[in-house]
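Just below is one structure, and these are the notes that go with it.
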There are 2 protein chains.
Amino acid sequence: MQVSARGEYAVRIALTLAAEHPRTISASTLASAQGLPRKFAEVILGDLRRAHLVASARGVEGGYRLARGPERISVGEVLRAVDGPLAEVRGRRPEETSYEGAAVNLPRLWVAARAAVRSVLDEVSLEQAASGEFPVRVAELTDEEGAWAPR
Amino acid sequence: MQVSARGEYAVRIALTLAAEHPRTISASTLASAQGLPRKFAEVILGDLRRAHLVASARGVEGGYRLARGPERISVGEVLRAVDGPLAEVRGRRPEETSYEGAAVNLPRLWVAARAAVRSVLDEVSLEQAASGEFPVRVAELTDEEGAWAPR
DNA sequence: AGCATATCCTATCTATCAAGTAGGATTCAA
DNA sequence: TTGAATCCTACTTGATAGATAGGATATGCT
């Protein structure tokens, strides 16, 4: 699960918008709040707008705000908007894969892996991520032995 | 969770070796069994060897075999050997991330997402993946409503 | 010894993409 | 009308994925 710079930035921007919801905030304010390059932030906000996750207003007093309440937008949606599907195998979606021989059962494994990712990223709203009050299932994952250790 | 061509190929090769364990199989046989470019398969097998997941023998009658029993190697280990860490955020490990403002809780979310991925890929052995007899927890994920549908 | 068949090593190629920058056209409130 | 903002198109730069090429090295068999 590789999260790109775009993806990380998008989530940080979305969280900032969530915390200020429903106020309208400019790209430069958002960028400096999270220490991101302004122009790049603009590009990302364009993606989020096209995905209907944020609404924008031009002109003085313009800026961006979440298109829905922060409890109704998941982190997964934000990531998908800028990075595409959450899980892909060699550029294909898990259920589109197909193999022969000893690998015939692999598609099921890819689908399971994607389901696991979704069970976290699609189940956590911006509101929860901003407040740190994660769903129990998710919180349990971070409490597990070894969850914070590299492998 | 993007699985690269290398990653996918590595798992398919590993599964083929698992099915034939403990026989020694040549790179060309493995490659044609799974329809992969032979030279590329050699590179990947080199990675797997350096990670001590396969053992190799040179010369006529040479080839590759799993370094351990297929029930003692997880799919996650194979993927790590060729693609590096299972989860990274902007090139960093989840527990190494750190943010300010509305994103302070984000590292916990990244760690949870990684734990979710691990709970599938590190809990499924090559033997299980080859036979299709996945652990209950994993099998349940593929049975869930919508698990096979794109988003 | 010699040969066939493997692994193994180094180097190279090409296309694509990520990340970020540049400049300016457009919109809008005061 | 002016200042501040979004929005649009284009570009640069570097790294990486996904191979391929050629040959050096090892090994079993006859």
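Chain A is the first sequence line, chain B the second, and so forth, proteins listed ahead of strands; every chain is numbered from 1.
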Heavy atoms, side chains only, cut-off 4.5 Å: are Leu53(A) and Leu66(A) in contact?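 Counting from C-beta outward, Leu53(A) and Leu66(A) never come under 4.5 Å.
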
For Ser32(B), what residues pass the side-chain contact (heavy atoms from CB on, under 4.5 Å) criterion, not counting sequence neighbours?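 With neighbours one apart ignored, the set is empty.
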
Do any side-chain atoms of residues 55-64 of chain A form donor-acceptor pairs under 3.5 angstrom with protein atoms, and if so which ones, sequence neighbours left out?
none

Grab the CD1-P distance between Ile44(B) and dG18(D) for me, whole Å please.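 Whole-Å distance recorded here is 9 Å.
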
Run the side-chain donor-acceptor check on residues 41-48 of chain B: report pairs under 3.5 Å with partners two or more places apart or on a different chain.
from	atom 1	to	atom 2	distance (Å)
Glu42(B)	OE2	Arg38(B)	NE	3.2
Glu42(B)	OE2	Arg38(B)	NH2	3.3
Asp47(B)	OD1	Arg50(B)	NH1	3.1
Asp47(B)	OD2	Arg6(B)	NH2	2.4

Does anything in residues 17-31 of chain A pair up under salt bridge (charged side-chain N to carboxylate O under 4.0 Å, His left out), and if so which pairs, sequence neighbours excluded?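 Matches after skipping sequence neighbours: Glu20(A)-Arg23(A).
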
Scan for salt bridge (charged side-chain N to carboxylate O under 4.0 Å, His left out) pairs involving residues 75-92 of chain B, sequence neighbours excluded, and state none if there are none.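 Listed by first then second residue: Glu8(A)-Arg90(B), Arg68(B)-Glu77(B), Arg80(B)-Asp122(B).
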
Considering only NZ, NE, NH1 and NH2 on the basic side and carboxylate oxygens on the acidic side, decide whether Arg114(A) and Glu95(A) come within less than 4.0 Å.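 Between Glu95(A) and Arg114(A) there is a salt bridge, with a charged N closer than 4.0 Å to a carboxylate O.
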
Not counting sequence neighbours, list each pair that qualifies as a ring pair (Phe, Tyr, Trp, His ring centres under 6.0 Å) and has a residue in residues 9-57 of chain B.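 Output for this query lists Tyr9(B)-Phe40(B).
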
Give, for atom CG of Leu17(B) and atom CD1 of Ile25(B), the distance between the pair rounded to the nearest 0.5 Å.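 Between atom CG of Leu17(B) and atom CD1 of Ile25(B) there are 5.5 Å.
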
Distance-only donor-acceptor hits, side chain of residues 104-111 of chain A, under 3.5 Å, sequence neighbours excluded:
from	atom 1	to	atom 2	distance (Å)
Asn105(A)	ND2	Ala130(B)	O	3.2
Arg108(A)	NH1	Gly132(B)	O	3.3
Trp110(A)	NE1	Tyr99(A)	OH	3.0

Met1(A), Trp148(A): one ILVMFWY side-chain cluster at the under-4.5 Å cut-off?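 No, because Met1(A) and Trp148(A) fall into different hydrophobic clusters, even though each may have its own neighbours under 4.5 Å.
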
Would you jot down, in residue-number order, the residues of residues 4-13 of chain B having a non-hydrogen atom under 4.0 Å from DNA chain D?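 Nucleic-acid contacts, sorted: Ser4(B), Ala5(B), Arg6(B), Tyr9(B).
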
Near-strand residues of residues 77-101 of chain B, defined as heavy-atom separation under 4.0 angstrom from DNA chain D: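 None - not one residue of the stretch has a heavy atom sitting under 4.0 Å from the strand.
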
Report, as a single string ordered 5' to 3', how protein heavy atoms within less than 4.0 Å touch nucleotides 3-12 of chain D: B base, S sugar-phosphate only, - not at all. BBSBBB----

Validation: residues 134-147 of chain B side-chain donor-acceptor distances under 3.5 Å, sequence neighbours left out:
from	atom 1	to	atom 2	distance (Å)
Thr142(B)	OG1	Ala139(B)	O	2.8

For chain B, the stretch of DNA chain C it reaches, first to last nucleotide, under 4.0 Å of its heavy atoms: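 In short, chain B contacts DNA chain C from dA4(C) to dC9(C).
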
